[in-house]
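Structure, as structure tokens:
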Amino acid sequence: MTIRIAPSILSANFAHLASEIKKVEEGGADWLHVDVMDGHFVPNITIGPPVVKSIRQATKLPLDVHLMISDPDKYIPPFIEAGADVLTIHAEAVVHLDRTLDFIRSHNVKVGLAINPATPISAIEHGLGLADMLLIMTVNPGFGGQKFIGYTVDKIRQARQIIETRNLRCLIEVDGGIDLDTLPTVVKAGADILVAGSAIFHAPDPGRKVQEMVELAAPLSYHSKFV
Ligand code: DX5
Ligand code: ZN
């Protein structure tokens, strides 16, 4: 399968979102990654459902909405109504993981499960069968432009092995510090979807950067299945 690139608009110019999105769309982006932060689960605040709704009208790309918020259950319906195609919650932010994942699925969108760098794969191993995607954070969530945390590569390998062994239909997404230097390592370890913010939107030509990432990733792609 081909690796998917999901540019994160967190590093885009928010005053010109539509044209920023157009650039990565033309460059061949597969998904659009939308970071939602509440100033509680993470030390930063970004956007809510109204902005997601406007983005929905500005692009046909699937919206990959990453909720970095406490008590996400409350906000699942409004984000789905706003147009999320993949809705990801953090395992650390919920008490009853199965219930939250099932709740997302009941709305007929793809179910994403995210974990922070220091959360072990074993903590969510049993929930993997309920998710369409496991998002392994490769930086501590909250900000764009942080340095990739090397020890997360082992977690990608571990997750890949579990998914293959159990024959699960769960994609692996990585998020944080992904650029042309770190890309080969995460792709070889088993990542299917690469989120990149600053590497793409701070590049002089974001569309070209997406293309470069696609081209670099394609031959390294780990054999895997898609949902
Ligand atoms: C970080 C966000 C990321 C962020 C990645 O908390 O979840 O999606 O935008 O930014 P880069 O690619 O710059 O590390
Ligand atoms: Zn993110």
Side-chain angles (χ1 to χ4, degrees), residues 3-14 17 20-21 23-24 27 29-48 51-52 55 61-70 72 75 79 84-93 104 110-119 131-153 155-156 171-187 191-204 206-207 209-210 212-214 216-217:
I3 302 292
R4 289 161 194 238
I5 308 293
S8 161
I9 57 158
L10 186 62
S11 294
N13 182 340
F14 273 73
L17 260 190
E20 293 274 80
I21 292 168
K23 290 179 199 166
V24 295
D30 298 283
W31 290 1
L32 198 67
H33 187 81
V34 181
D35 287 306
V36 176
M37 305 186 186
D38 65 350
H40 187 261
F41 180 71
V42 289
N44 196 4
I45 301 177
T46 56
I47 57 165
V51 178
V52 174
I55 295 171
L61 290 178
L63 298 186
D64 175 27
V65 178
H66 179 193
L67 298 185
M68 287 159 278
I69 64 176
S70 302
Y75 300 96
F79 278 104
D85 297 287
V86 184
L87 194 61
T88 299
I89 55 90
H90 268 262
E92 302 87 357
I104 298 175
K110 297 288 183 200
V111 181
L113 165 59
I115 50 169
N116 287 333
T119 301
D132 297 303
M133 182 179 90
L134 171 65
L135 166 47
I136 300 178
M137 288 304 301
T138 42
V139 298
N140 285 292
F143 304 93
Q146 302 182 82
K147 193 175 176 300
F148 180 82
I149 297 175
Y151 72 71
T152 59
V153 176
K155 291 171 60 185
I156 303 169
L171 294 168
I172 298 177
E173 182 176 68
V174 289
D175 182 6
I178 306 297
D179 56 20
L180 293 178
D181 293 332
T182 52
L183 180 151
T185 315
V186 294
V187 171
D192 299 296
I193 307 152
L194 314 178
V195 175
S198 49
I200 292 175
F201 285 107
H202 293 172
K209 187 59 72 177
V210 172
E212 283 171 16
M213 293 183 110
V214 170
L216 181 61

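Remember, it's a predicted structure, so these values are computed and weren't measured experimentally. Counting starts at 1 for both ligands and their atoms, in listed order.
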Report for the Zn ion (ligand 2), protein N, O or S closer than 2.8 Å, by chain and number, lists His33 NE2, Asp35 OD1, His66 ND1, Asp175 OD2
Counting neighbours of OH on Tyr75 that are heavy atoms of other residues, nucleotides or ligands and sit closer than 6.0 Å, is the number greater than 12?
no
Tell me whether Asn44 contacts the main-chain N or O of Met37 through its side chain, where contact means a donor paired with an acceptor under 3.5 Å.
no
With a 3.5 Å distance limit and no angle check, can you tell me whether Lys209 reaches the backbone of Phe201 through a side-chain donor-acceptor pair?
no
Please verify the inter-ring angle class for His66 with His90; under 30° counts as parallel, over 60° as perpendicular, anything in between as tilted.
parallel
Where is the tightest heavy-atom contact between Gly176 and Thr138, given as atom of each residue plus distance?
O-OG1, 2.7 Å
Does any N or O in the side chain of Asn116 come within less than 3.5 Å of the main-chain N or O of Ala118, such that one atom is a donor and the other an acceptor?
no
Indicate the atoms forming the closest heavy-atom contact of Ile156 with Ala191, along with that distance.
CG2-N, 3.8 Å
What residues sit with at least one heavy atom under 4.0 Å from ligand 1?
Ser8, Leu10, His33, Asp35, Met37, His66, Met68, Met137, Pro141, Gly142, Phe143, Gly144, Gly145, Asp175, Gly176, Gly177, Val195, Ala196, Gly197, Ser198
Please indicate whether His40 has more than 12 foreign heavy atoms, meaning atoms of other residues, nucleotides or ligands, lying under 6.0 Å from its NE2.
no
Strictly distance-based, threshold 3.5 Å: is any side-chain N or O of Glu173 a donor or acceptor partner for the main-chain N or O of Met133?
no
